[in-house]
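Below you'll find the structure, written out as structure tokens, and then a few comments.
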Amino acid sequence: PGLPKEPYRISDKNSFAYVSARDRWPVILTQAVDDVFKHGDSEDSNHRHEGSKIIRQIAQLKFELQHDRLIRPLEDDGGDDIKGYNEELEKLGNPKWFDAPWLFAECYLYRRLNTFFTNSKTWKTHDVFHVQKATAFRSSRAAVLELASRYRQLVSSLKNSEQPTGTKEATEEGEKKLFTDMCEICLWGNATDLSLLTSLTYADLQQLQGSRARKAASKYILDSQVDKVYELLKKQRDEGKVGRVDIVLDNSGFELFVDLIFGGYLLTAGFATEIVFHPKSLPWFVSDVLPGDFTDLINALRDPESDLKFLFSEWSELHTNGKFLLRPNRFWTTAASYWRLPSAAPRLFEDLKQSELVIFKGDLNYRKLTADAAWDPTTDFSEAIGELGKLGSGVRVLALRTCKADVVVGLSEGKDLALRSGDPEEGKRKWAWSGKWAVIQFWDGKL
Ligand code: F6P
Ligand code: MG
């Protein structure tokens with residue numbers, strides 16, 4: 001373990017960066033073209049005309065990527081993040097696509113795509129991934145119903161504070177188990193993001209979401225510090241110091257659903273007084289949550305016939321009463337890793353210090369926490385997250401991440417090698433690409 005190495009680059013043929021740029025991004029761009037085509041078809045001529053222009057722009061972007069051209073500066077669309085992207089590009093020496101750092105190039109890709117829409121008149125707020133997100137959420141219905149009814153029982157027994165039978169120790173053991181379960185449900189909700197759907201089917205998705213799959217999945221958590229988090233929150237509750245918990249969201253649909261379940265559980269169990277959710281501000285990595293997805297999800301639960309109606313009233317009430325808060329910030333859609341959070345977004349950093357616990361969901365957040373660098377996999381989590389991992393950083397960081405990229409830290413000696421062995425391509429960390437393995441890692445920056 002030691003110094004951060006270089007960030008992963010697309011040129012590294014052993015990395016998932018290379019596979020992503022070569023195989024996945026062109027598919028994602030093609031799907032974007034299809035979406036614009038379908039939506040442009042039914043609207044007025046101005047809209048259609050601008051739609052054709054956007055399609056050409058997407059095709060050009062795809063061409064530049066696939067032919068390894070220079071990454072060009074972003075066109076100004078009035079966003080105050082454009083300057084940062086273009087300065088970064090210059091600092092990197094204006095690379096070609098396949099020479100760029102993975103994290104930068106991938107964030108740039110989504111931001112560039114977004115400028116085609118923001119620079120139009122009639123497509124400004126169009127979410128090019130909306131249909132995909134909605135379809136995927138509908139296909140999660142079985143898992144949603146299953147979790148909803150479990151949650152309903154749980155909340156009503158917590159609210160009626162049913163006297164548990166048995167000793168204090170047994171009760172605490174039960175609570176700890178429940179907390180761990182809830183945390184793991186929230187974790188595995190991340191296994192199924194849509195940017196990987198270029199290789200997974202909806203049937204695979206459904207399988208990954210059921211409770212049986214989840215139980216079997218515990219053994220795939222490589223490093224779990226969930227106990228530390230439970231002890232901390234319990235201590236704070238015992239001492240009457242309960243406060244705010246933040247969730248830096250990742251994907252909408254099923255993952256957002258489990259995030260709300262987890263948030264609702266933390267409130268009901270007395271581990272938090274409010275939950276602040278951080279969504280993205282532009283269509284991002286296909287499935288990430290936009291503010292509109294949040295309201296869409298709550299409205300989708302309106303169905304008067306089912307257990308879901310209970311969730312609708314529960315969550316819209318929490319939203320109205322300010323216990324569920326939505327707090328967007330443009331920093332989340334810059335290409336900056338979170339090593340730069342204190343300097344690049346000082347106000348956001350101060351805000352996160354007001355929280356008792358900041359939960360970072362998913363793979364991209366993990367890549368940003370660890371600067372997407374080629375760390376030795378046994379490096380301490382605290383070391384890999386830079387400023388945030390210092391003593392007294394002021395932020396308590398909890399990462400709930402299923403692995404979909406090369407970077408990983410906090411593993412025991414030899415674990416990475418063991419996971420690679422048997423793979424005919426041992427030079428690659430392929431085990432870490434599919435969302436099958438996960439980590440729950442924690443750093444207490446308030447110590
Ligand atoms: O590794 C594939 C990938 O699309 C990455 O590019 C990105 O970091 C990640 O998956 C997105 O996953 P998540 O939604 O968990 O952040
Ligand atoms: Mg995502």
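Read the numbers this way: they start at 1 and go in the same order the structure lists the ligands and their atoms.
Residue contact annotation: E255 places no N/O/S atom under 2.8 Å from the Mg ion (ligand 2).
If you check the side chains of T115 and E75, you find no donor sitting under 3.5 Å from an acceptor.
Between R244 and E356 there is no salt bridge, since no side-chain nitrogen of the basic residue lies less than 4.0 Å from a carboxylate oxygen of the acidic one.
Where the criterion is an N or O separation shorter than 3.5 Å, residue side chain and backbone included, L364 meets it with respect to ligand 1. Inclusion of D363 in the set of residues having an N or O under 3.5 Å from an N or O of ligand 1 is warranted.
A cation-pi geometry, defined here as NZ or CZ lying under 6.0 Å from the six-membered ring centre and within 45° of its normal, does not hold between R401 and W437.
Contacts with ligand 1 closer than 4.0 Å are made by side-chain heavy atoms of R367 only, the backbone lying farther away. Looking at F16 against ligand 1, only its side chain comes within 4.0 Å, counting heavy atoms. In N251, the part holding a heavy atom less than 4.0 Å from any atom of ligand 1 is the side chain.
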Query raised in the report: Could you go step by step and tell me if E350 and Q354 meet the side-chain hydrogen bond (donor to acceptor under 3.5 Å, both in side chains) rule?
Result: CA-CA 7 Å; E350 284 310 310; Q354 309 306 311; 4.8 Å; no
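Atom numbering of ligand 1 starts at 1 in the shown order; those under 4.0 Å from a heavy atom of E106 are 4 (O), 5 (C), 6 (O).
Summarising the local packing, NZ of K323 is surrounded by 12 or fewer heavy atoms from other residues, nucleotides or ligands at distances under 6.0 Å. Shown here is K124, whose NZ atom has more than 12 heavy atoms of other residues, nucleotides or ligands within 6.0 Å.
In this structure, R24 is part of the shell of residues with a heavy atom less than 4.0 angstrom from ligand 1.
Rounded to 10 degrees, the OD1-metal-OD1 angle spanning N251 and D250 at the Mg ion (ligand 2) equals 80°.
Taking the six-membered ring for Trp and thresholds of 30 and 60 degrees, F254 and F257 have nearly parallel ring planes, at less than 30 degrees apart.
When you scan the N, O or S atoms of D288 for the one nearest the Mg ion (ligand 2), you land on OD1.
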